[in-house]
Amino acid sequence: MMDMRSHVCWHVYGLLYRSTRDYPEAIKAYKQALRIDPENLQILRDLSLLQIQMRDLMGFRETRLKILTLRPNSKVHWLSYALGVHVCGDPEGAIGVLDSYVGTLEEGSTEFCRGFESSELALYKNRVLSEIREVGNELVGVKKALEHLEEIRDVVVDRTGWLQAKLSYQLQLGMFCEARDTCFLLFQRGCTEDHRVHGAYMCALVNCDRDTCVQVQKLRGTGTLATLRPLTDTERKILIDAYEDSAKDCDGSHIQNGAPYDVHDGEGATKKNLAARFPRSAAIKRIYLTLLSPSSEQFRTSIDKYCQRQLIKGVPSLGSDLSAMYLVEKSNGNVGYDRIHYVLATDPADVKLHPVYQQLVQLTDSYIHSLSSQNTFPNDSTEHPPSTLLWAWYLRSILHEQAAEYANGITLINKCIEHTPTGVDFYELKARLLEAGGDIQQAADVVDAGRDLDHQDRYINNQTTKTLLRAGREEDAKKRIAMFAIHEGDPEQNLYDMQCTWFELELADSCRRKGQLGRSLRKYMSVVKHYEDYHEDQFDFHAYCIRKVTLRTYCELLKFEDEIWGLPFYGHAAEEIVKIYLHILDTPIQSNDDDEPDYSKMTSAERKKAKNIARKKKKSQEKSDINGCKKSEDSSKPTDDNRKKGKRHPVNEDPNGLELIALDPTTEAKKFAAILVRHAPKNISSWALQYDVSIRRGKMLMALQVSSHAFRSL
């Protein structure tokens with residue numbers, strides 16, 4: 001650095017560190033530049049971006065305050081400072097900043113009119129209001145947020161988001177009648193397939209407590225109140241009345257002009273029947289099955305109709321859809337009926353004993369018997385095409401797979417293939433059965449035969465690649481995946497550029513099973529690199545989201561990026577890296593390249609001959625290294641195609657991972673094990689690996705503490 005007293009030099013110094021992702025050193029350089037020029041806006045902006053990237057929240061707040069003080073007439077500076085106050089855990093302060101900003105606006109400003117930016121700003125303020133807490137009254141912020149929603153009603157463009165926020169507040173405040181009306185407005189806006197809205201509607205119908213309402217709103221997929229915990233008889237009856245598909249209600253009133261049914265209970269309360277109001281909704285039909293008791297005759301009748309409808313249509317996902325109903329009760333260890341919750345049965349022994357599975361087996365067997373003899377379902381005179389029997393075989397084969405009856409499943413799926421040899425789904429299921437049964441090589445051949453039926457199907461091609469890798473047939477797998485990769489160059493490099501994580505994990509697992517630890521480490525590290533890139537990519541959104549006023553989504557982005565190291569794919573890669581380094585630590589890899597023969601036990605003639613051989617071998621190795629370097633230089637030169645595309649792929653100088661193996665295994669294992677226990681503490685495998693690392697390091701007290709944490713995570 002030529003001039004230590006120049007803020008420009010320190011600023012450039014920080015930019016250089018930032019380009020190499022050395023953010024702590026870049027922050028130090030920016031701060032040094034600000035000591036020389038404390039009011040430089042560009043340096044302050046760059047510093048604030050790095051502070052939010054590194055989650056130095058207090059520093060980010062102070063920096064944005066300085067910027068706002070220097071330029072108080074900019075909307076971006078006000079919003080950035082409000083966000084800084086918010087992420088520091090001071091929602092009341094953030095509301096004060098936003099109110100101060102609104103106070104600087106003139107009448108007729110666009111912030112008071114209906115528009116996207118004004119709508120997003122109003123909804124962001126509403127979310128911050130809901131986070132306000134007071135001692136002894138946790139719902140004071142929720143009440144204010146609900147009142148604020150009515151004030152911003154005419155400004156908000158995102159009507160669905162407005163209704164969802166209103167529904168959440170009403171449930172937390174126990175306003176169940178109003179929550180039911182809000183749910184119906186969401187259903188009318190097309191949210192009939194959103195299970196989160198159905199879960200909230202169920203909570204409103206049965207008047208759940210606040211904790212249960214919050215848990216239901218956090219469920220994903222097809223989860224609702226009925227799949228969270230057991231229902232009481234009263235709750236079950238209320239929900240069945242709301243979701244039952246009946247032609248008329250108990251008072252005999254029919255649906256007219258699209259108006260909902262009114263089902264009156266003994267207390268005179270009115271509930272709206274969803275099945276009658278939205279007869280084409282698949283979610284409502286599916287949720288109704290979860291409300292019925294598996295031992296009841298009503299459940300058998302309903303699931304019979306559901307299965308028949310799906311088999312006639314030929315829905316391959318029917319088996320996996322119904323498997324989500326294999327719910328078993330599990331206690332949290334606390335006293336009380338409400339402390340019992342549902343978990344999904346995955347063990348074949350538990351699946352066989354589940355009443356839903358037993359009902360499905362009986363129904364499917366009766367379908368197969370009746371369709372084989374009469375082409376009709378039991379107790380039905382309507383004839384169906386032969387494809388209905390085909391899908392009944394397919395469903396029964398899936399049920400065999402769920403119960404680990406692989407031989408019986410293969411027998412039935414072979415019938416499906418004989419009946420329709422062009423059905424790709426049948427080959428995929430047979431491959432799964434063979435793989436689960438232990439014959440991975442034949443499974444790879446079968447799924448490859450199914451792939452050959454449709455070369456345009458990316459999904460079956462990916463499944464074939466995955467199975468081939470598990471069978472150890474790496475070259476065949478690369479040929480298959482290359483069909484959907486860029487043809488020029490190495491498909492493996494193209495998949496790396498596309499951040500195809502599942503392929504690299506499967507390839508790394510395959511190399512590990514072959515004993516190629518270095519190459520396996522290289523592939524696992526590629527997955528780690530992808531997640532580091534995901535984390536780095538948020539840097540571009542720190543300024544963009546605030547400028548576009550997408551503050552709600554930006555807060556969700558920050559939360560997601562904080563939890564990215566706990567995602568399953570990263571956890572898989574990190575766990576295998578720790579295991580490999582522990583294996584290297586236990587059994588060090590011996591290198592024979594520099595070993596010299598024992599000349600002391602040789603005669604003079606043998607010694608001379610051995611030295612000549614060693615000399616020739618050394619020259620040959622040096623020559624091959626030189627040729628390899630030339631080839632690398634040639635391959636790194638851009639071709640005509642690459643010049644046109646503007647791309648130049650870097651050469652992997654360590655494809656076999658020799659540099660990774662040469663690293664200190666204890667340090668590397670310690671680093672990744674610490675990441676796992678910090679970001680995936682609920683996984684027992686994280687604590688087990690941390691325990692193994694602590695034992696290898698001789699930290700017995702730490703190993704004892706890890707054992708205690710592992711016991712608590714169970």
Side-chain angles (χ1 to χ4, degrees), residues 303-324 326 348 351-352 356-378 380 382-468 470-471 480:
I303 202 170
D304 182 17
K305 293 180 180 178
Y306 185 82
C307 290
Q308 288 186 23
R309 187 184 305 112
Q310 302 290 63
L311 290 175
I312 293 172
K313 292 181 178 179
V315 179
S317 60
L318 177 60
S320 59
D321 175 27
L322 297 174
S323 66
Y326 303 157
V351 171
K352 284 184 180 180
V356 175
Y357 176 82
Q358 295 175 352
Q359 291 269 23
L360 290 174
V361 169
Q362 294 176 6
L363 287 173
T364 309
D365 288 342
S366 66
Y367 296 159
I368 293 174
H369 181 268
S370 180
L371 289 169
S372 300
S373 58
Q374 303 174 0
N375 290 332
T376 61
F377 285 108
D380 186 13
T382 304
E383 291 191 6
H384 298 283
S387 61
T388 308
L389 174 61
L390 176 70
W391 291 110
W393 284 337
Y394 184 80
L395 174 60
R396 189 66 181 94
S397 182
I398 291 179
L399 294 176
H400 281 306
E401 179 191 18
Q402 295 168 354
E405 299 169 348
Y406 304 124
N408 296 332
I410 292 173
T411 301
L412 271 178
I413 202 63
N414 283 335
K415 286 186 177 181
C416 296
I417 294 175
E418 292 175 2
H419 185 281
T420 307
T422 58
V424 178
D425 296 299
F426 308 142
Y427 292 89
E428 182 196 359
L429 177 56
K430 183 178 179 180
R432 290 207 314 264
L433 291 166
L434 289 168
E435 181 180 357
D439 193 350
I440 185 64
Q441 295 296 334
Q442 188 176 354
D445 293 335
V446 170
V447 72
D448 192 32
R451 178 207 60 82
D452 200 40
L453 297 173
D454 188 357
H455 291 177
Q456 305 299 320
D457 192 334
R458 184 187 294 268
Y459 170 76
I460 191 63
N461 186 78
N462 291 348
Q463 290 298 109
T464 304
T465 303
K466 187 182 297 184
T467 309
L468 287 170
R470 292 175 181 176
R480 301 299 180 270

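The structure displayed is predicted, hence computed values, not measured ones.
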Handout entry: salt bridge (charged side-chain N to carboxylate O under 4.0 Å, His left out) against Asp457, all qualifying residues, sequence neighbours excluded
Key = none
Exercise for the section: Tell me, yes or no, whether the heavy-atom count around His419 atom NE2, taken from other residues, nucleotides or ligands under 6.0 Å, exceeds 12. Expected result: yes
Exercise for the section: Any chance you could measure Ile460, atom CD1, to His455, atom NE2, to the nearest 0.5 Å? Expected result: 11.5 Å
Fill in the blank from the handout: Applying salt bridge (charged side-chain N to carboxylate O under 4.0 Å, His left out) to Asp321 and not counting sequence neighbours gives Arg286
Exercise for the section: For Asp304, check salt bridge (charged side-chain N to carboxylate O under 4.0 Å, His left out) against everything at least two apart and list the hits. Expected result: none
Exercise for the section: Starting at CD1 of Ile417, measure out to CG of Leu412 and round the result to the nearest 0.5 Å. Expected result: 11.5 Å
Problem - side chain to side chain contact (heavy atoms under 4.5 Å, CB included) involving Gln402 - partner list, sequence neighbours excluded - result: Ser323, Tyr326, Val351, Tyr357, Ile398, Leu399
Practice task
Working to the nearest 0.5 Å, report the span between CD of Gln362 and CD of Gln359.
Solution key: 5.5 Å
Exercise for the section: Please identify each residue that fulfils side chain to side chain contact (heavy atoms under 4.5 Å, CB included) with Asp439, with sequence neighbours left out. Expected result: Gln441, Gln442
Problem - side chain to side chain contact (heavy atoms under 4.5 Å, CB included) involving Gln358 - partner list, sequence neighbours excluded - result: none
Pairs of donor and acceptor atoms involving the side chains of residues 386-397, under 3.5 Å and at least two apart or interchain, shall be tabulated with distances.
residue : atom : partner : partner atom : Å
Thr388  : OG1  : Pro385  : O            : 3.3
Arg396  : NE   : Asp365  : OD1          : 2.8
Ser397  : OG   : Gly409  : O            : 3.0

Exercise for the section: Not counting sequence neighbours, which residues clear side chain to side chain contact (heavy atoms under 4.5 Å, CB included) with Ser317? List them please. Expected result: Val315, Ser320
Which pairs of donor and acceptor atoms, one on a side chain in residues 423-437, lie under 3.5 Å apart (sequence neighbours left out)?
residue : atom : partner : partner atom : Å
Tyr427  : OH   : Pro421  : O            : 2.8
Glu428  : OE2  : Tyr459  : OH           : 2.6
Lys430  : NZ   : Asn414  : OD1          : 2.9
Arg432  : NE   : Glu401  : OE2          : 3.0
Arg432  : NH2  : Glu401  : OE1          : 3.0
Glu435  : OE2  : Arg470  : NH1          : 2.9

Handout entry: Under 3.5 Å donor-acceptor, Ser373 side chain and Ser370 backbone
Key = yes
Completion exercise
Residues passing the side chain to side chain donor-acceptor pair (under 3.5 Å) test with Thr382, sequence neighbours excluded, are Asp380
Completion exercise
Rounded to the nearest 0.5 Å, the CD1 atom of Ile413 sits from the CD atom of Glu418 at a distance of 11.0 Å
Handout entry: Pair Leu363-Ile303, side-chain contact (heavy atoms from CB on, under 4.5 Å): steps then yes or no
Key = CA-CA 9 Å; Leu363 287 173; Ile303 202 170; 3.5 Å; yes
Problem - Within residues 404-417 or reaching into it, pairs that qualify as salt bridge (Lys or Arg N to Asp or Glu O under 4.0 Å) - sequence neighbours excluded - result: Lys352-Glu405
Problem - Residue list, ring pair (Phe, Tyr, Trp, His ring centres under 6.0 Å) with His384, at least two apart or on another chain - result: Phe377
Handout entry: Sidechain-backbone polar pair: Asp448 side chain, Thr464 backbone, donor-acceptor under 3.5 Å
Key = no
Practice task
For the residue pair Ile440 and Thr467, establish whether any side-chain heavy-atom pair is separated by less than 4.5 Å.
Solution key: yes
Exercise for the section: Report the distance from atom CD of Glu383 to atom OG1 of Thr376, rounding to the nearest 0.5 Å. Expected result: 7.5 Å
